[in-house]
Structures are given as structure tokens and as C-alpha cells.
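In what follows, every chain begins at residue 1, and chains take the letters A, B, ... in the order their sequences are listed.
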Protein chains: 2
Amino acid sequence: MATLEDIAKVAHVSKMTVSRAINHPELVRDELKTSIFSAMHELNYRPNVAAKALVNNKTQVIKFFVLEDIDITEPYYMKLLVGIAEYLAKYQYSLQLMTDQHLDIGASDGYIITGMRDEDYDWIKRLELPVVLFGENRWRLDFVDTNNEMGTQMATRYALEQGYDRVVFIGIDVKEPFEYSRENGYIQVMQENQRMPEIHRFANHSHLAMDFIEATWSRITPNTCFICASDRLAFGIQKGILQMSPEIATDYGVIGFDGVFLDQVATPQLTTVEQPMYELGEACAELLLRKIKDNYYPLEERLLQPKLKIGGSTRKK
Amino acid sequence: MATLEDIAKVAHVSKMTVSRAINHPELVRDELKTSIFSAMHELNYRPNVAAKALVNNKTQVIKFFVLEDIDITEPYYMKLLVGIAEYLAKYQYSLQLMTDQHLDIGASDGYIITGMRDEDYDWIKRLELPVVLFGENRWRLDFVDTNNEMGTQMATRYALEQGYDRVVFIGIDVKEPFEYSRENGYIQVMQENQRMPEIHRFANHSHLAMDFIEATWSRITPNTCFICASDRLAFGIQKGILQMSPEIATDYGVIGFDGVFLDQVATPQLTTVEQPMYELGEACAELLLRKIKDNYYPLEERLLQPKLKIGGSTRKK
DNA sequence: AAGATTGCTGTTACCGCTAACAAGATTTAC
DNA sequence: GTAAATCTTGTTAGCGGTAACAGCAATCTT
């Protein structure tokens, strides 16, 4: 593998100049830079990450904590992870994935954390390295998330546009900021349109949503659309409705939230608010690397736009 | 952060002796080792991975290639990845996740590859670092996989034990070793029991399996059990049957393969051959690290035992 | 008892890179 | 025209480890 020294010889400069051409190009004459870069290309130079890490007292490693139960959230995080990992790789960072914070062996340059619960705040606030959370939070910690409010706004507006008389929100029964945001988005659009909001909440399990439909079927009038806070709930709602009436696509509507795997498994496929998981991953990584580099941390909250993905669980037109 | 030098001072030896106490303890007097280890404990010593990597001409990075379409396989690989990552972290290795082999920037000490297709053999054989595949293959490359044959044997035996008259195999229409193994397991048990094997194959999409049931329903006698080569197909078979007859649990049976997410989404939950994904991940990592350390590579093929997970898609007793 | 062997520890040099400083050349200031 | 400022490049040292070798005492050979 070519080293700085090798490049230096070919370009007839010292290795320090080569190093500078890479890290502080403004300090090197253009003429030299040209020959240095062509030498680098010729020798297929790849910086030695370990050497760089050693001299900078860094590790070039980022830890990604998944604090939620991985069995339940499996499909959700894979794309996020890919987004994170590919962005990091571009900047010669690699990843350690942790599902249990006590296993915290070895050093890193920063943390990306998802699935944080209230009791995690204690140890997270004590971390001495830059941290980025995936998911809104009430602790004034930097985070990246989907614009949850906008997501349910889009969903609710779409339901109204399709002419559903009654638009009901099926929420997740947790006291988390993301849930409040989703409910808010729904409520806002309902109020803008002088409609009465109607919200029901369940733990995030499809069978609870399904049971709800079956238990209250007599009171569920046709031409109702359910805006759900997750695809999991939407999946249950849809199953319940199909059990009671096969005419879902025309008489009823179901809109989910997430757009990760489950929406495609459903038949018909769910109309859903799709989170840009890959881009969210990239954004987490980008924000974290910036915090590491700048060593100065104004609070940053980044919200990415979701996309309404039309499936067969709502009527067309 | 404490360094070897710090330990050395406290233990009144040279840093070389400390290094030896860690890496070649047989060359150091017990007496010194005791004081060195207690100094290490006292100062909470953690080796500097970058320094070690630099001097050993290693990177302490492993690349994990997912060559299949991540959208489709999302839930499947998450647990595998966790298994890999946590094992690697224990030995101070970190991970780079690649979903596109052309993005191959930066060095590593070895590769774990999954979803390899025939056309990938070309570049994989040219890799100069140790490689472990996840998944059986015909190329004499080291691999780790579930014991696929045993999996369908278990499933087929269970179906016969439950008294199903007719046991049909629904395969994936690909010419891959894992599929042959799964079909073989089924065929073997059928022959042991003097039954005629019956195999149908489809691309791995649930709706194809569902369509098959609907199209051939008149020829599908009650008391039939379907052994499927994936949960995806099993999911489709189940949906098809439910559409035709609500009595699946007593008249029909469906057994899937994978046990990753989809089996739990189905209603009733699928009986399935569960792959030990976490352990498979650990095994991939363990095998690869061993190959890196030993620098000598006898072909190794490691098969882990699957587990039959009983759900509601087969009858009890 | 002298030389050879063994067992254990220390010294040196180096892995590839970069910050800090040194130093020469050129431009600017007055 | 000379001193100071600026621009550009090179030299040195060191990040935290480890291999290779040197050195010395204790033990073994014959």
C-alpha cells in the first residue's frame, strides 16, 4: 500500500507537503498540488486510517446504540443503519453496533442513539463525546427525525381530499414527543377544516387495533378513514376491517406511518407516510461528524420531510 | 487515557514488559504479571486500537457486504448484523457496511459477504483478504449457514406427526444451494415415510404463493400441510387458504422457514423453521477473526441448527 | 570450572501520519 | 535599500504500540 512517503518521492516533495495538500490545501502551491494529486492517483493512494487516528487521538469509530428491543423493531432500523454506515465509510469512519449499553467496551469518537427511554437520560447526559439522537426528544439533545407533524398533516389532508366523511386518528399509547407531533399534525388539519378530532390510543400492537375494530364495528360508519401512528397499527386496523367488510378500498380507508416493510406486506398494500430512513441515517452521521470536527455544539434539530406513499388501503380520487 | 507507559511506571517495569504481559504472558514472570495486571486495573487501562492496528499493519475493520436488495431483505439481516457487530466489538474490531461493492473505499482486515450471486464470484475470488460468506455456496468458499436440510426435515417430520395426509413443498425458484438443501431435507423425510414428494416452486413473493392456492384450490384436499422454503411464501400460502377456508388450523397446515419478523406478523402466527440469526452472525465473525489471526485457511463450512417454532398455522397434536 | 543454554527484561527502531517549529524565498513597508 | 511580513516548504518529534535484538543472571553440560 502506498504511503505519504511514496507519493512524496514521485511528486518530488516532502511527505509533509503531501499531508498538507490533503488536509490544508490552501497552504500548498497549485502547481505542487497538481503533481501531488496525480501521483496519488497513479499510486492509488489510500490514507492509513490507523495512523491518522493515532496521531489525532481519535478512533475513527462511531457507536450506534439501539436501545429498543431489536426483535420488534428489526426492519425499521436496517435502512437507517445503512444510511449511517455508508456515510461514515465515506469519511473513513467505521461503526460499532451496541444493543446493550453496559457492553460499552472500547473507545469511539461519538454516539448515535436511538430508542432512548426516559431512564436512559442519566447515562446519556454523562457521555463525554458528541451525541446525536435518532428521534425527537424532550432533553435538548441534538436529534434527527422525520417531520412527524408534517407527516400526519399530509395523511389527514389526503384523507379529506379523498372525501372521507370521518377521519379518525389511531395513536400509540406512549408519552413520547414523536407521538405528540403526529397527533398535533392530525389535529391541526382537522381544525383547519372544522372537523372534530377523534383519537384512540393503543400500545403499538396490530392485534389491539384489530380487536378495537371488531369490538366497535357497529359504531364505525362507512366512509371512515383511519390515520394511524404506525404501520403496525394500520396493519391491525386493516385486518379488522377486512374481517368485517371486504370493501375497504371504497368504503373505508387506512393510512399508516413508517413505510418500512410492513406496509408492503399488507394486502392491499398500505397507504402510508414513508419515513426517509436512509436519508435520516445519513443525516445522523453527517451531523455527528460535524460535531466531532467543529468541537462546538449549538443544539441542532434536523427534521426531514416524509413522503405520502399511496397504496391500496385508501380509495383513489 | 492510560497508556502502556503509565502502567509501566506504576508497575516499575518497562512498557515492553507490559506489552508482553498482555500478548505473550508466558514470557513474563508471574510476580511481575500480578503487579502489571493490578496496575492495569487500577488505571483502567484500555489498549489504543489505532496504535495496535498501525504497528500490526491491520485496520481492525471488517467489511460486511449485503449484495441482495436491502428493501426486500430488510428484517432478515438486522439480527445477523447485531450478532456480527457485537462479536467484533468484543475483539476491538469495528464494521463497515456496504450495499454496493463499487463503493469499496478504505481498507479492512476481512470480509463477510451475504447474498452472493453467481456473477459476484469474479470479484470475490480476487479479494486478497480472508472472506466468510453467509449462506451455502458452490464455490468452495468458507461459509456459515443454518442447517437447511435439517430444517426442512424437522418441518416435514412435524407435519407427518401431526397427521397431515398430504405434505407438499413450496420452494423458491432459484438454483441456489440453500434451496437444494431445503428440498432435500423434505424429500428425504418423505421417502423415509414412503410418501410421494410433491414440489411447486415460485419466485419468493407471497402473492405468487397466494395466487397458486386460489388457482388450484379445487385440487387442494383438506388435511394438507405446506412446507415452505421461506416465511414469505408461507405467508402467501396462508393468506390464500384463509381466503378459501377459515379452518386452516384444523384442515390445513403451513410451515415457513426463517422465523424473522414475518412469521409473527401473520395471523395466526406461522409455524416456522427459525434460523438462529444472532448466532449465525457471531459464527461469521468468529470464523473470520480466526482466519485473520491464523493466516492459514482450511475450508470451513459451519452449519448451525435451526429450531422449529410452533405457531397457529399448524394443528396441535 | 569454563562455555553453552535458558529465562527474563530492557533498548531501539519503526508502523504512517501530522502539529509545531525552522528556514529559505519573495513581497511589502517605509 | 533594509527590515519586517508573508508565503511556502522542509525538519523534527511524537502519537501508542510491537518485533527484533541486546544484555545479564541463573542453570546446565561435560
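- Looking at which nucleotide of DNA chain C each of B/Ala51 and B/Val28 is closest to, the 5′-most match is held by B/Val28.
- What separates CG of B/Leu54 from P of D/dG16 is a distance of 12 Å, to the nearest Å.
- Atom CZ of B/Arg29 is separated from atom P of D/dA25 by 14 Å (rounded to the nearest Å).
- Looking at residues two or more places apart in sequence or on another chain, you find no ring-ring contact (aromatic ring centres under 6.0 Å, His included) involving A/Tyr45.
- Here the P atom of nucleotide D/dA19 and the CG atom of B/Asn57 are 13 Å apart, to the nearest Å.
- At the heavy-atom level, A/Asn48 lies under 4.0 Å from the strands shown only through sugar-phosphate atoms.
- In this structure, CD on B/Glu274 lies 10.0 Å from OG1 on B/Thr146, to the nearest 0.5 angstrom.
- If you take CE of B/Met1 and P of D/dG16, they are 11 Å apart, rounded to a whole angstrom.
- Between B/Tyr45 and D/dG16 there is no side-chain polar atom (N or O) within less than 4.0 angstrom of OP1 or OP2.
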Step-by-step salt bridge (charged side-chain N to carboxylate O under 4.0 Å, His left out) determination, A/Lys291 to A/Glu300: CA-CA 10 Å; A/Lys291 287 182 68 172; A/Glu300 187 160 341; over 6 Å; no

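- For the side-chain contact (heavy atoms from CB on, under 4.5 Å) test, residues two or more places apart in sequence or in another chain that qualify with B/Val174 are B/Ile172, B/Glu176, B/Phe178, B/Glu179.
- Between B/Thr99 and A/Glu86, the closest side-chain pair of non-hydrogen atoms falls below 4.5 Å.
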Please list, pair by pair, any protein nitrogen or oxygen found under 3.5 Å from a nitrogen or oxygen in nucleotides 10-13 of chain D.
residue, atom, partner, partner atom, Å
D/dG10, OP2, A/Ser14, N, 2.9
D/dG10, OP2, A/Ser14, OG, 3.0
D/dG10, OP2, A/Thr17, OG1, 2.5
D/dG10, N7, A/Arg20, NH2, 2.7
D/dG10, O6, A/Arg20, NH1, 3.1
D/dG10, O6, A/Arg20, NH2, 3.3

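- The structure places CG of A/Leu32 at 10.5 Å from CZ of A/Arg20, a figure rounded to the nearest 0.5 Å.
- OP1 or OP2 of D/dG17 has not a single side-chain nitrogen or oxygen of B/Asn56 nearer than 4.0 Å.
- Residues passing the side-chain hydrogen bond (donor to acceptor under 3.5 Å, both in side chains) test with A/Lys79, sequence neighbours excluded: B/Asp71.
- Within 6.0 Å of the CD atom in B/Glu301, the count of heavy atoms belonging to other residues, nucleotides or ligands exceeds 12.
- Axis angle between the ends of the helix from C/dA1-D/dT30 to C/dC30-D/dG1, five pairs each and rounded to 10 degrees, works out to 40°.
- Within 6.0 Å of NZ in B/Lys309 there are more than 12 heavy atoms belonging to other residues, nucleotides or ligands.
- Under the 4.5 Å side-chain criterion, counting only non-hydrogen atoms from C-beta, A/Leu81 is in contact with A/Leu95.
- As rounded to whole Å, 14 Å separates atom C1' of D/dC21 from atom NE2 of B/His24.
- The pair A/Asp142-A/Arg302 does not meet the salt-bridge criterion, since no charged nitrogen lies less than 4.0 angstrom from a carboxylate oxygen.
- Nucleotides of DNA chain C with any atom under 4.0 Å from a heavy atom of chain B span, from 5' to 3', C/dC8 to C/dG16.
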